[in-house]
Amino acid sequence: MTITLPDGNQLAFEQPPTGREVAERIGKRLAKDALVVKVDGELRDLDQPIPQDARVEIVTPTHQDARQIIRHDAAHVMAEAVQELFPDAQVTFGPPTETGFYYDFARAHPFSSDDLEKIEKRMHEIVDADKPFVREVWDRDAAAHFFDQKGEKYKAQHIREGIPKGEQITIYRQGDDWLDLCRGPHAPSTGRVGHAFKLMKVSGAYWRGDPNNEQLQRIAGTAWESEKRLNEYLTMLEEAEKRDHRRLGRELDLFHIQEEAVGSVFWHPKGWTLYRQVEKYVRAMQEREGYHEVKTPQLIDRALWERSGHWDKFREAMFTARSEDDHVLALKPMNCPAHVQIFNKGITSYRDLPYRMAEFGSCHRYEPSGALHGLMRVRAFTQDDAHIFCTPEQINSETQKFCDMLLEIYKAFGFEDVRVKFSDRPETRAGSDAVWDKAESALKEAIEATGLPYTMNPGEGAFYGPKLEFVLRDAIGRDWQCGTHQVDFVLPERLDADYVGEDGNKHRPVMLHRAIVGSFERFIAILIEEHAGRFPMWLAPVQVTVATITSAADDYAKQAAQALRQAGLRVETDLRNEKINYKVREHSNQKVPVIAVVGEREAQERTVALRRLGSKQQEVLALDDAVTRLGEEAAPPKVD
RNA sequence: GCCGCCGUAGCUCAGGGGUAGAGCGCACCCUUGGUAAGGGUGAGGCCGUAGGUUCGAUUCCUACCGGCGGCACCA
């Protein structure tokens with residue numbers, strides 16, 4: 001039989017070889033370094049025979065798949081360490097993750113941070129012991145019985161409920177003392193995990209992700225193929241902490257949140273300036289794209305929410321208020337029902353479609369306390385919300401038009417790395433399968449026409465229609481949904497929206513719910529983290545600070561600032577009795593893009609000495625030239 | 001909402017059964033200095049809130065509120 005290697009070379013074997021034998025044939029060193037083998041794209045243990053002709057890659061620590069092996073091995077090593085130190089802990093599952101691994105344990109007592117240290121120490125010992133990982137195939141029922149006897153009720157339950165009768169299952173031993181039910185694969189021995197790992201935190205996690213189940217304790221760690229990579233990762237985390245929007249929000253005096261208004265933002269002047277720049281640009285883009293901007297009420301009688309279906313499906317998340325005359329009103333959690341009201345007041349002809357109705361809509365939702373997170377997840381937020389009322393035939397072109405606009409806007413803010421998720425029909429849904437087929441294929445065609453890569457998110461669509469989610473990433477790699485685009489056949493029906501078609505009959509419009517920044521709060525949080533507070537000039541709350549060297553230049557500094565302001569720039573002056581070193585340091589820390597230094601010389605010559613953020617060089621320009629040049633540099637992205 | 005950890009000055013943090021400390025920031029004074037911290041003096045705290053234990057609690061215990069990290073949630 002024939003084994004094909006990644007470089008195209010082929011090796012012939014008499015008998016089905018194991019991965020190790022293939023590696024040995026290529027070279028001793030490779031066989032020594034090998035962790036697992038990749039057979040036709042599937043990772044397997046080195047000792048398993050490769051039954052037929054296949055493309056084979058030997059996975060060594062530098063291979064892109066090595067980390068998941070190392071991390072998975074590390075999870076097993078940790079589980080052994082935990083059970084040795086804490087025999088009352090039951091094991092459940094421990095997979096690799098994007099940066100490490102975790103393992104969920106059931107135990108009555110919580111693990112402390114001291115426990116973590118002990119566990120980590122024991123893990124190093126297990127790695128040094130270099131115990132072989134041995135794969136064994138067991139009978140399902142015997143395995144279930146075995147784990148029952150051991151008191152491992154979660155493992156036993158998983159086998160009984162998750163694995164069909166009669167199926168064979170695999171377990172992995174590491175040394176003589178410990179084993180775990182596991183699909184594998186694993187490296188040859190625990191020694192291959194190496195020492196580039198670190199336990200990071202303990203937290204709660206529900207058994208099988210279901211909050212009705214018992215809560216387990218999750219110990220999470222990070223693991224890498226080398227100390228160097230581990231240290232790089234830890235350094236990255238430190239750097240990420242410095243760009244956390246909550247920290248920068250304080251340091252740059254952008255906003256704060258306090259106890260008396262949990263989940264709501266106090267925007268300070270600088271933060272609000274930033275917010276307004278974002279809003280201004282998005283508004284201009286919407287105008288260009290033919291949207292009609294509206295404003296709808298904050299408080300709306302429950303009667304409308306009952307009709308829209310929100311009272312039924314969304315009530316838990318709605319803030320309500322009772323008026324003097326005993327009406328129950330709700331703070332709107334969404335804008336859509338209000339927009340349909342406007343549509344119903346006069347958009348009656350097919351000639352008006354597609355009708356794009358936009359609102360910077362303030363919404364309130366009673367989010368679970370544990371979900372709140374700085375500006376990322378709040379209870380009061382403003383969406384760049386819009387609803388496009390259109391015919392089914394227009395879904396495709398409107399979606400494409402929207403995606404184009406979204407990408408242009410994201411790019412303007414510096415986001416090039418946009419992840420798109422396609423969420424299709426959920427189990428419980430409204431509308432017939434035929435309608436869903438139509439909506440999903442229209443959406444799919446449209447997203448494919450944009451050429452954007454996307455991943456499927458099966459079953460995660462809204463109950464009323466499929467959606468596209470546009471996801472941006474924060475400083476430490478957490479994904480946040482910002483943009484969205486949803487097809488809705490249900491709400492127009494519920495709220496009785498219609499128009500007169502070409503044929504003279506009444507028809508139901510389709511509604512496309514769409515947002516680009518999503519919530520301004522979340523978007524600005526990501527903007528802060530993406531730029532680490534060093535905003536592009538057009539967004540910077542303060543664009544230029546005019547700083548004096550001596551008080552003799554105060555008058556001139558004021559004139560210079562005034563001239564810059566007249567060019568539309570956001571300018572502050574720093575006339576304090578401080579040395580220029582001190583001022584430069586402070587304004588650099590405040591991440592002001594340009595410091596214009598003026599002393600007696602500049603006052604005399606009517607010049608400014610410009611110092612750009614991140615550069616130590618200065619550039620002396622005539623004041624008039626500086627005004628022109630900085631004015632151009634501060635221009636927002638073109639909208640035309 | 002759940003599990004764990006945390007809550008001391010505007011910020012970062014030390015302390016600890018006998019009602020508190022540092023650095024930075026702030027105010028005032030000296031200094032007018034040419035590109036990342038000049039010097040001095042001073043103000044500033046219900047030690048998250050409410051109970052309990054104690055002769056005495058900021059410190060120990062309980063509950064609540066809030067924050068952080070996960071989990072769940074994100075229509």
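Fair warning: this is a prediction, and the values are worked out from it, not measured in the lab. In the text below, chain A, chain B and the rest are named by the order of the sequence lines, each starting its count at 1.
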Of all the nucleotides listed (B:G69, B:C71, B:A37), which has the minimum atom distance to the side chain of A:Y582?
-> B:A37
Within the 6.0 Å centroid threshold, strictly below: A:Y154 and A:F93 | no
Listed nucleotide nearest any side-chain atom of A:K201, set B:A36, B:G70, B:C73 | B:G70
What about A:Q217, does its side chain sit under 3.5 Å from the base of B:C3 through a donor-acceptor pair?
-> no
Look at the side chain of A:Y206 against the base of B:G70 and say whether a donor-acceptor pair falls under 3.5 Å; ignore hydrogens and angles.
-> no
Between A:F343 and A:H387, does the ring centre distance come in under 6.0 Å?
-> no
How would you list, by chain and number, every residue that makes a side-chain hydrogen bond (donor to acceptor under 3.5 Å, both in side chains) with A:R302, sequence neighbours excluded?
-> A:E306
Looking for any heavy atom pair under 4.0 Å, which part of the strands does A:P368 touch: base, sugar-phosphate only, or nothing?
-> base
Represent RNA chain B in dot-bracket notation, 5' to 3'. Only Watson-Crick or G-U wobble pairs with both distances under 3.5 Å count; pseudoknot-style crossings use [ ] and interstrand partners use |.
-> (((((((..((((....[..)))).(((((.......))))).....(((((..]....))))))))))))....
B:G70 P sits how many Å from A:L116 CG, rounded?
-> 15 Å
Test: A:R218 cationic atom under 6.0 Å from A:Y102 six-membered ring centre, within 45° of axis = yes
Donor-acceptor pair under 3.5 Å: do we get one between A:R208's side chain and the base of B:A72?
-> no
